[in-house]
Chemist: 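Quick one: structure below, then a few questions.
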Protein chains: 2
Amino acid sequence: MDKFFLTVSQFTDLSADSKQELSSCLEELTLPKGHILVKQDAVCNFLYFIDRGLTRTYYLKDGKDVTDWISDENSFACSIISFITRKPDRRIIELLEPSVLFSVHYNDLESLCSKHHDIENFFRNLVSFGLVQLQQKFDDLHFASALQRYQTLMTTHPTFIQRVPLGMIASYLGITQETLSRIRSQI
Amino acid sequence: MDKFFLTVSQFTDLSADSKQELSSCLEELTLPKGHILVKQDAVCNFLYFIDRGLTRTYYLKDGKDVTDWISDENSFACSIISFITRKPDRRIIELLEPSVLFSVHYNDLESLCSKHHDIENFFRNLVSFGLVQLQQKFDDLHFASALQRYQTLMTTHPTFIQRVPLGMIASYLGITQETLSRIRSQI
DNA sequence: TTGATTTTTTGACAATTATCAAAGGAAATT
DNA sequence: AATTTCCTTTGATAATTGTCAAAAAATCAA
């Protein structure tokens with residue numbers, strides 16, 4: 001749980017009391033590769049912190065597998081739209097490696113937020129950071145070539161290239177795996 | 001200011017006290033078409049609420065004009081990355097129509113948030129909603145064809161097609177204006 | 001209204017990326 | 001070690017979209 005609170009401290013300083021209450025809402029999970037955290041067309045009820053391992057968020061678009069997001073150690077994962085809107089979503093979250101996670105239930109998160117102002121501030125900052133990250137990823141997709149996008153990924157997340165199969169990286173970048181394979185052979 | 005608090009109430013119920021303090025931090029602006037709200041490579045210090053009018057957020061990529069976001073009545077506008085990270089950004093915000101806006105300074109927003117728990121909750125909800133919107137826009141760009149993206153825009157923001165020049169709509173959708181013109185002639 | 005400016009459309013051609021099909025490699029399981 | 005499964009590469013071809021250039025249409029201002 002140390003890594004969790006170290007990550008939290010990058011967003012906000014929590015009081016001892018708030019830390020205590022927050023930690024009592026966390027559940028530690030040790031799960032195997034391939035485990036499905038969030039099923040298709042389900043409501044995502046948990047926010048996950050990744051202590052060790054790797055998650056992939058993806059969905060099926062006309063039968064094709066589209067990788068939406070990849071999260072590694074010391075970051076958070078959830079099916080954003082579903083978690084926030086409380087509605088089912090097509091996004092599936094799976095583990096790409098055996099992982100150790102901490103989960104918080106949506107209801108606990110909301111009651112922690114209304115009870116503790118500093119926890120509400122933490123989550124505002126966390127969501128704000130998520131928004132910045134998504135905006136940067138959006139910019140990349142908006143008017144950068146496939147090669148540029150691959151190069152951006154290599155600098156921002158160099159380990160993904162080792163840890164994630166090429167086909168998943170490709171759809172994460174918005175291209176087919178054949179195109180990515182050809183781009184790689186040209187570098 | 002009525003429209004502002006009506007919009008706020010869709011996210012949170014604020015106490016009379018909080019409303020009072022928030023409204024005293026708002027500044028009403030009446031500005032002409034073409035006015036630049038945020039300059040290139042500047043820090044965006046204000047969050048704007050659009051009472052009347054239309055804003056466009058764009059940037060120059062290799063000399064080309066790329067429309068990033070369009071905001072109309074009863075929504076908010078700011079240069080997201082800059083406003084949150086407090087760093088300069090290439091994004092420019094201009095008015096596409098003569099507009100009436102309410103602005104809040106970043107510093108005021110932060111002090112309001114630390115002073116009033118309910119205002120912090122409002123902004124957490126606002127940022128969460130922004131994240132959901134951006135995720136939906138991202139999905140659209142990720143694996144939908146140019147035609148599909150245009151059709152999505154026509155259903156979600158039908159007025160934009162009337163109010164915004166085609167070239168701006170095109171780059172908002174991630175395509176050239178020639179391609180959009182051809183798509184339109186096929187429908 | 002008329003000229004100037006901006007916006008939109010059209011055409012010809014090029015570049016990028018996708019699709020379909022198949023072959024090679026790598027990794028895991030028996 | 002052999003077999004099955006998954007992952008990656010390569011080739012041929014097609015579809016989509018971009019680029020450059022110019023004309024047509026709409027809008028704005030004097």
Side-chain angles (χ1 to χ4, degrees), chain A residues 32-36 53-54 56 58-67 70 92 94-98 139-154 159-187, chain B residues 32-36 53-54 56 58-67 70 92 94-98 139-154 159-187:
Chain A
K33 175 176 174 175
H35 181 88
I36 303 293
L54 201 60
R56 176 173 84 111
Y58 69 102
Y59 56 88
L60 300 173
K61 161 103 188 169
D62 306 327
K64 265 170 271 176
D65 179 305
V66 177
T67 298
I70 297 164
I92 299 159
E94 64 167 9
L95 299 181
L96 294 183
E97 295 178 359
D139 290 351
D140 203 36
L141 191 61
H142 201 182
F143 270 104
S145 69
L147 172 62
Q148 286 176 310
R149 275 176 269 158
Y150 184 64
Q151 288 173 329
T152 301
L153 183 68
M154 283 200 297
T159 62
F160 286 3
I161 282 101
Q162 318 300 325
R163 296 168 82 181
V164 183
L166 177 130
M168 295 175 187
I169 299 265
S171 72
Y172 178 79
L173 296 173
I175 55 179
T176 62
Q177 66 175 357
E178 293 93 335
T179 298
L180 181 53
S181 178
R182 286 176 180 118
I183 284 171
R184 273 218 290 213
S185 68
Q186 283 167 14
I187 293 176
Chain B
K33 174 176 175 174
H35 180 88
I36 304 295
L54 201 60
R56 175 173 84 110
Y58 69 102
Y59 58 86
L60 301 172
K61 161 106 188 166
D62 307 327
K64 264 170 271 172
D65 180 303
V66 177
T67 298
I70 297 163
I92 299 160
E94 64 168 9
L95 299 181
L96 294 183
E97 296 178 357
D139 290 351
D140 203 36
L141 192 60
H142 202 180
F143 271 104
S145 69
L147 172 62
Q148 285 176 309
R149 275 177 269 158
Y150 183 65
Q151 287 173 329
T152 301
L153 183 68
M154 284 201 297
T159 61
F160 287 1
I161 282 101
Q162 319 299 326
R163 296 169 81 181
V164 183
L166 176 130
M168 296 176 186
I169 300 266
S171 73
Y172 179 79
L173 296 173
I175 55 178
T176 61
Q177 65 175 356
E178 293 93 334
T179 299
L180 181 52
S181 178
R182 285 177 181 117
I183 284 170
R184 272 219 289 212
S185 68
Q186 281 166 17
I187 294 174

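All chains are named by letter (A, B, ...) in the order of the sequence lines, taking the proteins before the strands, and each is independently numbered beginning at 1.
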Chemist: Restricting to side chain to side chain contact (heavy atoms under 4.5 Å, CB included), what partner residues turn up for B:S185, sequence neighbours left out?
Modeler: none

Chemist: Could you check how far CG of A:L166 sits from C1' of C:dA26, rounded to whole Å?
Modeler: 13 Å

Chemist: Could you list the residues that satisfy side chain to side chain contact (heavy atoms under 4.5 Å, CB included) with A:I92, not counting sequence neighbours?
Modeler: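 Partners of A:I92 under the side chain to side chain contact (heavy atoms under 4.5 Å, CB included) test: A:I36, A:Q40, A:Y58.
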
Chemist: Once salt bridge (charged side-chain N to carboxylate O under 4.0 Å, His left out) is applied, what residue pairs with a partner in residues 168-182 of chain A remain, sequence neighbours excluded?
Modeler: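 Residue pairs passing salt bridge (charged side-chain N to carboxylate O under 4.0 Å, His left out), neighbours aside: none found.
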
Chemist: With respect to A:T152, which candidate in A:L141, A:L147, A:D140 satisfies the side-chain contact (heavy atoms from CB on, under 4.5 Å) definition?
Modeler: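 Passing option: A:D140.
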
Chemist: At their closest point, which heavy atom of B:L54 faces which heavy atom of B:R163, and how far apart are they?
Modeler: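 Residues B:L54 and B:R163, closest heavy atoms: CD2-CB, 3.7 Å.
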
Chemist: Could you tell me which residues satisfy side-chain hydrogen bond (donor to acceptor under 3.5 Å, both in side chains) with A:Q177, sequence neighbours excluded, listed by chain and number?
Modeler: none

Chemist: Map A:K33 and B:V164 onto DNA chain C by nearest heavy atom, then report which one ends up closer to the 5' terminus.
Modeler: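 By nearest-heavy-atom nucleotide position, the 5'-most residue is B:V164.
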
Chemist: Between B:M168 and B:S185, which has a closest nucleotide on DNA chain C that is more 5'?
Modeler: B:M168

Chemist: Please write out each protein N/O paired with an N/O of nucleotides 17-20 of chain C under 3.5 Å, distance rounded to 0.1 Å.
Modeler:
residue, atom, partner, partner atom, Å
C:dT17, OP1, A:A146, N, 3.2
C:dA18, OP2, A:T176, N, 3.2
C:dA18, OP2, A:T176, OG1, 3.2
C:dA18, OP2, A:T179, OG1, 2.6
C:dT19, OP1, A:K64, NZ, 3.2
C:dC20, N4, A:E178, OE2, 3.3

Chemist: What is the minimum heavy-atom distance between B:L180 and B:L166, and which atoms define it?
Modeler: CD2-O, 3.7 Å

Chemist: For B:R184, give me all partners under side-chain hydrogen bond (donor to acceptor under 3.5 Å, both in side chains), at least two apart in sequence or on another chain.
Modeler: none

Chemist: Rounding to 10 degrees, work out the angle separating the end axes of the helix from C:dT1-D:dA30 to C:dT30-D:dA1 (five pairs an end).
Modeler: 50°

Chemist: So, using side-chain hydrogen bond (donor to acceptor under 3.5 Å, both in side chains) as the criterion, who are the partners of A:T67 when residues are at least two apart?
Modeler: A:R56, A:S171

Chemist: Under the side-chain hydrogen bond (donor to acceptor under 3.5 Å, both in side chains) rule, collect the residues that match up with B:S181, sequence neighbours excluded.
Modeler: none

Chemist: Please list, in 5' to 3' order, the outermost nucleotides of DNA chain D lying under 4.0 Å from any heavy atom of chain A.
Modeler: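 Result: D:dT8 to D:dA12.
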
Chemist: Measure CD/A:Q177 against C1'/C:dG25 and give the value in whole Å, please.
Modeler: 14 Å

